[in-house]
Number of protein chains: 2
Amino acid sequence: MFLGTYRHSVDAKGRVAIPARFREQLPTGTVISKGAEGCLQLYPPQEWAGEQGLRLGSTTPAEERRLARMMFGAARECEFDGQGRIVLSADQRQYAGITNVAWIVGVNNLIEIWNDEQWRRIGEATPEEYTRIQDQVVERRRAQRT
Amino acid sequence: MFLGTYRHSVDAKGRVAIPARFREQLPTGTVISKGAEGCLQLYPPQEWAGEQGLRLGSTTPAEERRLARMMFGAARECEFDGQGRIVLSADQRQYAGITNVAWIVGVNNLIEIWNDEQWRRIGEATPEEYTRIQDQVVERRRAQRT
DNA sequence: CACAAAGTGGGGAAAAGTGGGGAGTGTGAG
DNA sequence: CTCACACTCCCCACTTTTCCCCACTTTGTG
C-alpha cells in the first residue's frame, strides 16, 4: 500500500529520488509509464500484470488499440541507482511538465509523479473541498451496495 | 471504542503523544489522513480497510482517480516512537491549522485531531446548541427513511 | 507520601535526499 | 578508421531529515 505525498527535486540529469518508504515495496520489474491527467505512473509488477488484459487483436476496439499503444509504448522498466533514484527520460519529463521539482504520490496500489503546479491543484484542497470529495465516496459506496 | 478528549502539546518537531488509552487499541497498520471540517483522522486498520476498494488502473473513471489521489496522497501510516508519539507532517499540520497544541478526540470508531480554536467551537457547545444539533440528526434520519 | 505511568523536550546517530565528477559505451562525422 | 561528442551509469561527498534514546516533569493511584 502506497500512501503519502513527497516533494523531491529533479536534477539536471533528470534523476529523482523515490521515497524510501515506497522503494522498499518495489521489487525489480517495476514499470514506469504515462498516466491520465499528465502524470507518470509506477506500477509494481503485480499491478502491471493486471494491465495485461489490454491486448491487441483483431477484435480489439479502436480506442483500446490506441490506449494500449500509448501505455505500453511509453512504458519502461524502472532502474534504481545506488541512491534509490530513477532517471526520467526527456520524453517523460516533457509529457508530465516536470522541470526541477516532482511530487511523488502514493495512490494505494501504484505511485504517481506530478509536476509542481498540477499537483498543488489536487493536493492542496481546502477542508471544504476535501469534505465534499469524501462525501462523494460515501455516496458512491452507498450506490454500489444497492 | 475511542472515547474522550485530550489536550496535548505539539513540539517543534511536530510530534504529538497519542493518549495511552487510545494507543493500546491501535495495532500497526493504523493510518492517519485528512478529515472533514479540517481535522485529521486516525483509522484503525479495520476501519481503513473500508477505503481500500478504490484502486487505480486503466479502467478507473476520472472522478475516482481524483478521489483516490486526494485520499491516499493525504494519508500516511502511523509510526509510534518509543514514547507513543506520532509525527504530524508539515502538510498535515498546515491542513489542520495545528501549531503548538492539539486536541485528540475519540469518536467511537476512530480518532480525530483538532486545532485549539476549532475544537473549542465544537467541544464547548452550550446545552441549547447540543439540543438543536441532536434534533437535526433526528430530523435527517426521519427524512431518509421515507 | 511514594511509586508508577504518562507526557514533554532535546541531543545525537543514522538514514534519506541532493549534487556533481568521471569512467565506460555508443554514435556519428570527418 | 579514428576522433569527438553525447549519454548513461556508477561512485563519492555533502546536506537535511528522521528517528531513536535518554532524562525530566506531570499526573494519577495505592
Side-chain angles (χ1 to χ4, degrees), chain A residues 2-32 40 42 74-94 98-106 111-116 119, chain B residues 2-32 40 42 73 75-94 98-106 111-116 119:
Chain A
F2 302 101
L3 299 177
T5 305
Y6 301 81
R7 184 183 194 272
H8 282 181
S9 61
V10 180
D11 67 20
K13 299 179 182 177
R15 296 178 298 187
V16 61
I18 301 300
R21 296 251 167 70
F22 292 171
R23 216 185 310 145
E24 53 197 30
Q25 298 181 62
L26 292 173
T28 54
T30 296
V31 168
I32 181 169
L40 301 173
L42 266 68
R76 270 215 217 176
E77 195 167 330
C78 281
E79 285 169 10
F80 293 90
D81 69 9
Q83 277 68 259
R85 294 173 288 195
I86 59 172
V87 179
L88 302 179
S89 70
D91 177 46
Q92 289 169 331
R93 272 173 286 162
Q94 198 211 331
I98 289 171
T99 51
N100 298 317
V101 169
W103 290 85
I104 301 158
V105 185
I111 296 165
E112 293 187 336
I113 302 180
W114 292 83
N115 73 36
D116 209 35
W119 177 253
Chain B
F2 304 104
L3 300 176
T5 305
Y6 300 81
R7 182 183 195 272
H8 282 181
S9 62
V10 181
D11 68 19
K13 298 179 181 177
R15 296 179 298 188
V16 60
I18 301 300
R21 295 256 170 72
F22 292 171
R23 214 186 311 147
E24 54 199 26
Q25 299 180 61
L26 292 173
T28 55
T30 296
V31 168
I32 180 168
L40 301 173
L42 266 69
R76 283 245 200 160
E77 195 168 331
C78 283
E79 287 170 8
F80 293 91
D81 69 9
Q83 278 69 268
R85 293 173 290 194
I86 60 171
V87 179
L88 303 179
S89 71
D91 176 46
Q92 289 169 332
R93 274 174 286 162
Q94 199 209 330
I98 289 172
T99 52
N100 298 317
V101 169
W103 289 85
I104 301 159
V105 186
I111 296 165
E112 292 188 336
I113 303 180
W114 293 84
N115 74 35
D116 213 35
W119 177 250

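Protein chains get the first letters and strands the later ones, always in sequence-line order, with residue 1 at the start of each. Both backbone and side-chain heavy atoms feed into the values below; hydrogens, waters and symmetry mates do not. Just so we're clear, the structure is a prediction, and the values are computed from it rather than from any experiment.
Closest-nucleotide positions on DNA chain D for A:R21 and A:E79 were compared, and the one nearer the 5' end corresponds to A:E79.
The side chain of A:D11 lies closest to C:dG19 when the candidates are C:dG10, C:dG19, C:dG7. In the set C:dG17, C:dG9, C:dG21, the nucleotide with an atom closest to the side chain of A:R23 is C:dG17.
Scanning residues 80-90 of chain B for heavy-atom distances under 4.0 Å to DNA chain C yields B:Q83, B:R85.
Taking both residues in full, the closest heavy atoms of A:T5 and B:G73 are given as OG1-O, 2.7 Å, listed atom of the first, atom of the second, then distance.
Running 5' to 3' along DNA chain D, contacts with non-hydrogen atoms of chain A at under 4.0 Å begin and end at D:dC9 to D:dC19.
Here A:I104 lies out of heavy-atom contact (under 4.0 Å) with every strand.
Shown here are the ring-ring contact (aromatic ring centres under 6.0 Å, His included) partners of A:F2, two or more places apart in sequence or in another chain: A:F22.
B:C78 pairs with exactly one of B:T28, B:I18, B:T30, B:V87 by the side-chain contact (heavy atoms from CB on, under 4.5 Å) rule, that one being B:T30.
Within 3.5 Å, no donor on the side chain of B:R15 pairs with an acceptor on the base of C:dG7, nor the reverse. A donor and an acceptor atom never sit less than 3.5 Å apart when one is taken from the side chain of A:R7 and the other from the base of C:dG17.
B:R85 is listed as a side-chain neighbour of B:D11, based on a closest heavy-atom distance under 4.5 Å. A 4.5 Å side-chain heavy-atom check between A:V105 and A:I111 finds every atom pair outside the cut-off.
A donor-acceptor pair under 3.5 Å is formed between the side chain of B:H8 and the backbone N or O of B:A17.
For A:S9, no side-chain nitrogen or oxygen approaches OP1 or OP2 of C:dG17 to under 4.0 Å.
Counting heavy-atom neighbours within 6.0 Å of B:Q94 CD, excluding the residue itself, gives a total of 12 or less.
Comment: B:E79 engages A:R21 in a salt bridge, judged by a side-chain N to carboxylate O separation of less than 4.0 angstrom.
Here C:dA23 presents its C1' atom at 12 Å from NZ of A:K13, a figure rounded to the nearest Å. We find that NE2 of A:H8 is positioned 10 Å from C1' of C:dT18, with the value rounded to whole Å. The OH-C1' distance, from B:Y6 to C:dG7, rounds to 13 Å in whole Å.
Looking at B:N115 and B:W103, their side chains never bring a donor and an acceptor atom within 3.5 Å of each other.
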